[in-house]
Amino acid sequence: MNYTFQFGVLAEYGPYLAGGLWHAWWTSFPSIILTTVLGVVLAAMHLTRSILLRGAAVVFVDLFRTLPVVVLLIWIHYVMPILTGISSSPTTSSIIALSLNGAALACEAFRGGLAAIPPTQTQAAQSLGFSRWQVFRYVTLPQAFFATLPSLTNVHITVIKNVTVTVLIAVPEVMFRAQELTIQFFRPLEFYTGAAILYVALIWGYAVFMRSLEKLQKWQPI
Amino acid sequence: MSAPDPFVRVHGVTKTYGAGPVLNGLSLDLAHGEVLVLCGPSGCGKSTLLRCINGLETIEGGSITVGGVRVDGADAATLQQIRLATGFVFQNFNLFPHMTALENITIAPMKIRNVSKRQAEEQGRALLAQVGMPDKAASFPFQLSGGQRQRVAIARALAMQPSLMLFDEPTSALDPEMREEVLQVIQRVHHEHGMTMIVVTHEIGFAKSVASRAMLLDAGRIVEEAPARQFFTEPREERTRKFLRAIVNE
Ligand SMILES: Nc1ncnc2c1ncn2[C@@H]1O[C@H](COP(=O)(O)OP(=O)(O)OP(=O)(O)O)[C@@H](O)[C@H]1O
Ligand SMILES: [Mg+2]
């Protein structure tokens with residue numbers, strides 16, 4: 001190996017590289033919110049009596065969890081404008097792609113959590129006069145939420161990791177900047193190691209935050 | 001003058017799960033204010049019957065009416081009306097574990113009857129006092145004993161001011177010391193509200209003092225039906241005598 005480390009370049013360009021985190025966060029954060037909300041909606045659709053809604057949810061989940069994120073992203077950013085005439089910014093395209101993929105995963109996570117709630121809970125709520133929607137809203141979903149948190153955290157982490165593929169459509173996040181700097185200074189090791197550290201820090205911080213949410217559960221299952 | 005229509009009428013009801021019938025052409029009538037005790041060996045269909053009366057199961061044959069309203073085949077809105085008028089107390093309490101005792105009681109009045117939070121909580125606290133737990137409003141179910149959980153479950157059902165209460169073995173998951181406190185609450189509820197009740201229980205002492213009628217169910221049919229005192233002291237059927245001997249020896 002005849003590579004001379006020059007981590008000094010990071011002292012100079014590190015702040016620019018780290019600035020990519022801002023873009024990474026503002027791409028992943030809206031995606032995480034959309035992923036979660038859509039995931040709950042899809043899980044609820046799975047539980048309705050309407051065949052149409054159930055079918056739509058099944059198709060959605062199967063489609064977006066099988067479509068590779070890169071294909072989905074390129075398709076939304078470059079093919080959608082051809083079909084619809086509407087083009088969106090790289091960040092918006094990325095949020096759409098990451099949310100569609102994430103929602104399919106989140107739906108399955110919520111469905112797992114909901115399945116773990118004993119059917120007697122639903123019976124008790126129904127016997128009080130709750131409608132199917134109210135049973136979901138007030139009884140099963142709040143209980144499933146905490147059971148789902150660990151797997152939901154994994155889904156969110158996947159969404160954040162997927163931000164790195166937005167380099168393909170030039171969202172100026174960390175990977176994009178690492179690539180840019182490498183081309184300019186021929187220092188791949190320094191800049192990509194920097195990118196790795198920054199993403200690990202972001203995702204680790206997020207995981208710690210999600211774990212702290214678990215402490216909000218003041219009750220225990222019986 | 002003809003007799004008034006029964007409050008609960010179960011007529012020729014058949015219910016099947018896969019293999020054989022669980023309820024086999026079962027009929028019973030219950031007048032307003034009556035307390036019916038239902039006994040029978042495990043698996044004879046007691047819980048299934050209660051669930052059918054509450055519209056939680058669909059039936060294949062016969063008909064069920066509560067307060068003159070047809071339960072089987074009812075649409076969602078009618079079913080909700082029937083369930084609002086019926087309180088169901090389960091063997092395993094089925095409290096909502098993520099809500100405090102008070103929230104368990106107030107959630108249905110607030111969300112279904114649109115009662116204000118203040119009013120619902122006032123009523124909830126009164127009900128908790130009525131079941132002897134005025135100091136447990138803020139406790140979660142996991143922090144309560146079995147007997148306390150069941151008393152909260154009874155208060156939760158009462159909060160909707162039902163005219164019919166269905167109890168499915170309300171004390172059989174409890175230690176003997178806790179049974180008495182729950183049975184007393186049920187007894188008090190009957191005396192104070194004169195509520196119509198169907199109670200699945202093998203507590204003979206309780207049944208004799210509260211029930212107007214008792215019934216033995218076996219293999220989805222009624223084996224014997226009699227005034228409670230007579231049922232427990234001088235049953236006609238050999239099957240009933242055998243069953244009563246078995247539960248006394250338990
Ligand atoms: N959801 C279900 N699916 C299939 N079979 C069921 C279901 N619920 C009850 N059964 C069967 O129906 C029969 C009657 O059940 P049920 O719960 O009504 O009995 P039970 O008289 O309440 O008994 P126990 O005293 O044990 O509570 C049993 O053989 C049971 O296995
Ligand atoms: Mg039972």
Side-chain angles (χ1 to χ4, degrees), chain A residues 36 40 43-54 109-152 210 212-222, chain B residues 47 50-51 53-57 76-101 103-113 138-146 148-149 152-153 156-162 164-166 168 173:
Chain A
T36 310
V40 169
M45 284 165 69
H46 271 282
L47 296 174
T48 59
R49 268 181 293 211
S50 153
I51 293 180
L52 213 69
L53 288 177
R54 277 207 310 269
F110 279 115
R111 262 159 41 87
L114 285 164
I117 308 299
T120 48
Q121 285 287 307
T122 301
Q123 276 186 16
Q126 281 181 338
S127 77
L128 286 168
F130 282 113
S131 67
R132 285 168 73 90
W133 161 249
Q134 287 176 319
V135 173
F136 179 75
R137 165 74 183 76
Y138 298 114
V139 178
T140 47
L141 184 63
Q143 290 183 57
F145 178 76
F146 287 104
T148 309
L149 259 185
S151 45
L152 190 64
M210 287 299 277
S212 73
L213 287 187
E214 288 170 24
K215 295 202 187 68
L216 293 179
Q217 179 177 353
K218 293 196 275 305
W219 55 276
Q220 284 172 26
I222 43 170
Chain B
S47 301
L50 294 192
R51 285 206 303 273
I53 293 173
N54 206 208
L56 292 168
E57 302 279 352
T78 312
L79 218 46
Q80 192 190 30
Q81 288 311 309
I82 292 162
R83 286 173 184 160
L84 286 178
T86 312
F88 204 130
V89 175
F90 301 86
Q91 182 172 5
N92 294 310
F93 331 126
N94 298 351
L95 286 181
F96 305 133
H98 60 303
M99 298 179 194
T100 63
E103 287 165 349
N104 263 280
I105 299 170
T106 57
I107 180 92
M110 278 165 53
K111 300 303 175 192
I112 302 172
R113 291 243 158 92
S139 301
F140 284 96
F142 82 93
Q143 296 165 318
L144 301 173
S145 73
Q148 292 172 331
R149 286 177 199 172
V152 173
R156 176 176 72 174
L158 289 176
M160 297 304 276
Q161 295 159 334
L164 170 68
M165 287 282 278
L166 306 173
D168 189 1

### Query
Is a side-chain donor or acceptor of A:Q134 paired with a backbone partner of B:K111 at a separation under 3.5 angstrom?
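Indeed, once roles are kept as given, a pair shorter than 3.5 Å links the two residues.
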So do [Y] and [X] actually touch side chain to side chain, heavy atoms under 4.5 Å?
X      : Y      : value
A:Q123 : B:R51  : yes
A:Q121 : B:P97  : yes
B:F140 : A:Q220 : no

Name the region of [X], side chain, backbone, both or neither, that has any atom closer than 4.5 Å to a heavy atom of chain A.
X      : value
B:F96  : both
B:L56  : side chain
B:F142 : both
B:R156 : both

### Query
What option among B:T100, B:I112, B:L166, B:L84 has the most heavy-atom pairs under 4.5 Å with chain A?
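If we count pairs closer than 4.5 Å to chain A, B:I112 comes out on top.
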### Task
Under 4.5 Å, counting heavy-atom pairs only, tell me which of B:I107, B:L79, B:I82 racks up the most with chain A.
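The candidate making the most pairs under 4.5 Å is B:I107.
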### Message
Please report the interatomic distance NE2(B:H98) to CD(A:Q217), rounded to the nearest 0.5 Å.
### Response
10.5 Å
### Task
Can you measure from CD (B:E103) to CH2 (A:W219) and round to the nearest 0.5 angstrom?
12.5 Å
### Message
So which atom in B:A108 and which in A:F130 form the shortest heavy-atom distance, rounded to 0.1 Å?
### Response
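Minimum heavy-atom contact is CA-CZ, 3.8 Å.
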### Query
Considering the options B:Q80, B:R83, B:M160, which one meets the side chain to side chain contact (heavy atoms under 4.5 Å, CB included) requirement together with A:L128?
B:M160
### Query
For atom CG of A:L216, is the number of surrounding heavy atoms from other residues, nucleotides or ligands below 6.0 Å larger than 12?
yes
